[in-house]
Amino acid sequence: MTNDHHNGHRPAAGSSGVDRTVSTPPPAAPEEGWAGPVAGLARLVDGLRRDLDPLTGLPDRVEELASLVASLAEALAASTARKQAGPAPSWLLAPTDRQKAADLLDGLIGWMGAVYLRYPDGLATLPDCWCRHPDVVEELLWLMYAWSAAYQGPAASVGLAGDWHDRQRPGVVRRIRQSAGSCSRENHQTRPNRPPLPSGAPAVPGAHELDVVAGWWASNRDKSAPEPTDPPLREGERP
């Protein structure tokens, strides 16, 4: 026996000299521990990218739709304004109250100076006796209210303004030129051998026959209309 045996010591397991002690592997590097989650996140991002690719042009489409909606809204506003615009006052049917008539003219001349006469053709065709022509005042009144609806009303729009410039204002200018463009204040003055220009309401032709025509239309409209008759003579007139 060896001294080891006598001393009570036993040889280590595997007396052949091979060390059978189990060794613990070194800890993984931090970056190796994140490899799995990072790869999963990369796959998720790639999937989201594929899902979003079809939506790449969406902002441009949204902008196109917004522009279309704005155009439709403007067209609808213009159409609604034409149907629901407030009524313009009529000079031909103006109240007989003097102050109300004066208020209409006061508002009109203020607008004419600020807007209508700024256009050279408007200034050139307006006679100095314009306020003595009821038809001219009527034209200017409704044109002023049309301008207000186009520029200041609740449904004001560029479409209404364009219509005012292209159609309404030139039409009024043309009619004023035709009806009173060559008139002047002198024409309204009474002079020897020249009667004054008529400014009152004209008589409606055929007014004396309306009762006969109404009876014919009510009961015999399939037959020929009754023959016209001469109006009754006024006092002092000769046949």
Side-chain angles (χ1 to χ4, degrees), residues 74-191 193-210 213 228 231 234:
E74 182 178 329
L76 178 61
S79 176
T80 302
R82 290 187 181 94
K83 294 178 180 179
Q84 300 180 358
S90 171
W91 181 249
L92 301 179
L93 298 177
T96 55
D97 182 273
R98 181 169 183 169
Q99 185 57 50
K100 292 182 179 179
D103 291 342
L104 285 176
L105 290 178
D106 286 343
L108 179 59
I109 61 173
W111 174 81
M112 290 170 63
V115 178
Y116 184 79
L117 297 181
R118 297 277 186 171
Y119 296 87
D121 56 347
L123 178 61
T125 58
L126 187 72
D128 56 5
C129 57
W130 66 271
C131 59
R132 287 176 167 78
H133 293 265
D135 58 322
V136 172
V137 178
E138 183 82 354
E139 291 273 18
L140 292 171
L141 266 179
W142 82 257
L143 186 65
M144 176 179 68
Y145 273 74
W147 179 89
S148 179
Y151 282 92
Q152 300 173 337
S157 71
V158 66
L160 288 179
D163 191 42
W164 189 88
H165 282 276
D166 290 341
R167 186 174 61 85
Q168 295 174 344
R169 192 195 70 84
V172 169
V173 170
R174 182 181 66 254
R175 289 189 293 272
I176 290 178
R177 179 191 295 113
Q178 292 172 348
S179 67
S182 60
C183 195
S184 65
R185 294 169 58 90
E186 288 74 18
N187 289 340
H188 296 269
Q189 295 174 349
T190 302
R191 293 184 179 179
N193 302 323
R194 190 186 71 180
L197 294 176
S199 59
V204 179
H208 67 286
E209 300 179 294
L210 295 184
V213 171
R234 297 179 181 179

Closest heavy-atom pair and its distance - Pro228, Glu209: CA-OE2, 2.9 Å
Smallest separation among heavy atoms of Leu141 and Leu108, with atom names: N-CD1, 4.1 Å
Between CG on residue Leu105 and NZ on residue Lys100, distance to nearest 0.5 Å: 15.0 Å
Atom pair CD (Gln189) and OG (Ser184), whose distance is rounded to the nearest 0.5 Å: 8.0 Å
CG-CH2 distance between Asp135 and Trp91, expressed to the nearest 0.5 angstrom: 12.5 Å
Over all atoms of both residues, closest heavy-atom pair of Gln168 and Ala146: OE1-CB, 3.4 Å
Minimum heavy-atom distance Leu160-Ala149, with the two atoms named: CD1-O, 3.9 Å
Side chain proximity check, Leu140 to Leu126, heavy atoms < 4.5 angstrom: yes
Distance in Å, His133 NE2 paired with Asn187 CG, rounded so as to fall on 0.5 Å steps: 7.5 Å
Closest contact, heavy atoms only, Pro127 versus Ile176: CD-CG2, 4.2 Å
Arg169/Asp121 under salt bridge (Lys or Arg N to Asp or Glu O under 4.0 Å): CA gap, chis, key distance, verdict: CA-CA 10 Å; Arg169 192 195 70 84; Asp121 56 347; 2.9 Å; yes
Interatomic distance, Met112 atom CE to Met144 atom CE [nearest 0.5 angstrom]: 10.0 Å
Sub-4.5 Å side-chain heavy-atom contact between Tyr145 and Pro87: no
Smallest separation among heavy atoms of Leu92 and Glu138, with atom names: N-OE1, 3.0 Å
Rounded distance (nearest 0.5 Å) linking atom CD of Glu139 with atom OG of Ser179: 7.5 Å
